[in-house]
Amino acid sequence: MAVLKKILKRCSSLGKKQEYDNDCGLPMDVPKGHFAVYVGENRSRYVVPISFLTHPDFQCLLQQAQEEFGFAHDFGLTIPCEEVVFESLTSIYRC
């Protein structure tokens, strides 16, 4: 679980230029309880709730991300699937 917390903190603070909270160093557009991921060929940025981490389908995407990209790269947590697939999958969780 500690590794997951490190990944989430790192992913929440990487990526596009944005304003940061001076107290915690996280982007101001990532609300508490959420994290940013980058999806698709264009690396579109999505801010998703941490609760997604409990869903088996999302865990599968994270495993694919680790296998394809690893977690030690400079761009942030990148999900290896098409945006339309990611949006469809995450829309199920929001219901």
Side-chain angles (χ1 to χ4, degrees):
M1 194 63 167
V3 171
L4 187 55
K5 285 183 182 180
K6 281 184 186 177
I7 292 167
L8 290 176
K9 184 166 182 154
R10 185 166 186 263
C11 292
S12 295
S13 61
L14 292 175
K16 299 178 180 178
K17 293 181 181 178
Q18 50 205 320
E19 292 185 37
Y20 291 89
D21 183 324
N22 291 331
D23 294 332
C24 64
L26 296 176
M28 292 181 75
D29 70 333
V30 178
K32 185 173 184 173
H34 292 72
F35 64 103
V37 295
Y38 300 87
V39 180
E41 214 172 279
N42 295 324
R43 304 285 196 261
S44 297
R45 185 171 184 261
Y46 292 84
V47 176
V48 296
I50 288 176
S51 64
F52 282 15
L53 296 173
T54 62
H55 296 280
D57 292 333
F58 197 82
Q59 290 174 359
C60 182
L61 287 176
L62 290 175
Q63 185 166 352
Q64 290 174 7
Q66 181 183 21
E67 290 170 3
E68 189 166 332
F69 305 113
F71 287 128
H73 57 90
D74 294 334
F75 194 72
L77 181 57
T78 303
I79 304 293
C81 73
E82 295 179 22
E83 286 181 64
V84 67
V85 173
F86 183 80
E87 289 174 1
S88 175
L89 181 68
T90 57
S91 70
I92 294 169
Y93 302 154
R94 294 181 194 272
C95 296

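Hydrogens, waters and symmetry mates are skipped; everything else that's a heavy atom, side chains included, is used. All figures in this text were calculated on a predicted structure; none of them were measured in a lab.
- No donor-acceptor pair closer than 3.5 Å links the side chain of His55 to the backbone N or O of Leu53.
- Contact detail for Phe69 and Pro80: the closest heavy-atom pair is CE1-CB, 3.7 Å.
- Checked against side chain to side chain donor-acceptor pair (under 3.5 Å), Glu41 has no partners two or more places apart in sequence or in another chain.
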- Under the side-chain contact (heavy atoms from CB on, under 4.5 Å) criterion, do Tyr38 and Leu77 qualify, and how do the steps go? CA-CA 6 Å; Tyr38 300 87; Leu77 181 57; 5.7 Å; no
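- For Glu82, the CD atom is loosely surrounded, since the number of other residues' heavy atoms within 6.0 Å does not exceed 12.
- When every heavy atom of Glu87 is checked against every heavy atom of Thr90, the shortest pair comes out as O-OG1, 3.3 Å.
- In this structure, CD on Glu83 lies 10.5 Å from CZ on Arg43, to the nearest 0.5 angstrom.
- Listed by chain and residue number, Phe58, Gln64, Ile79, Cys81, Phe86, Leu89 satisfy the side-chain contact (heavy atoms from CB on, under 4.5 Å) test with Leu61 (two or more places apart in sequence, or in another chain).
- Interatomic distance, OH of Tyr46 versus NE2 of His34, reported as 15.0 Å (0.5 Å rounding).
- By the rule that hydrophobic residues join a cluster once side-chain heavy atoms approach within less than 4.5 Å of another member, Val39 and Val85 end up as members of separate clusters.
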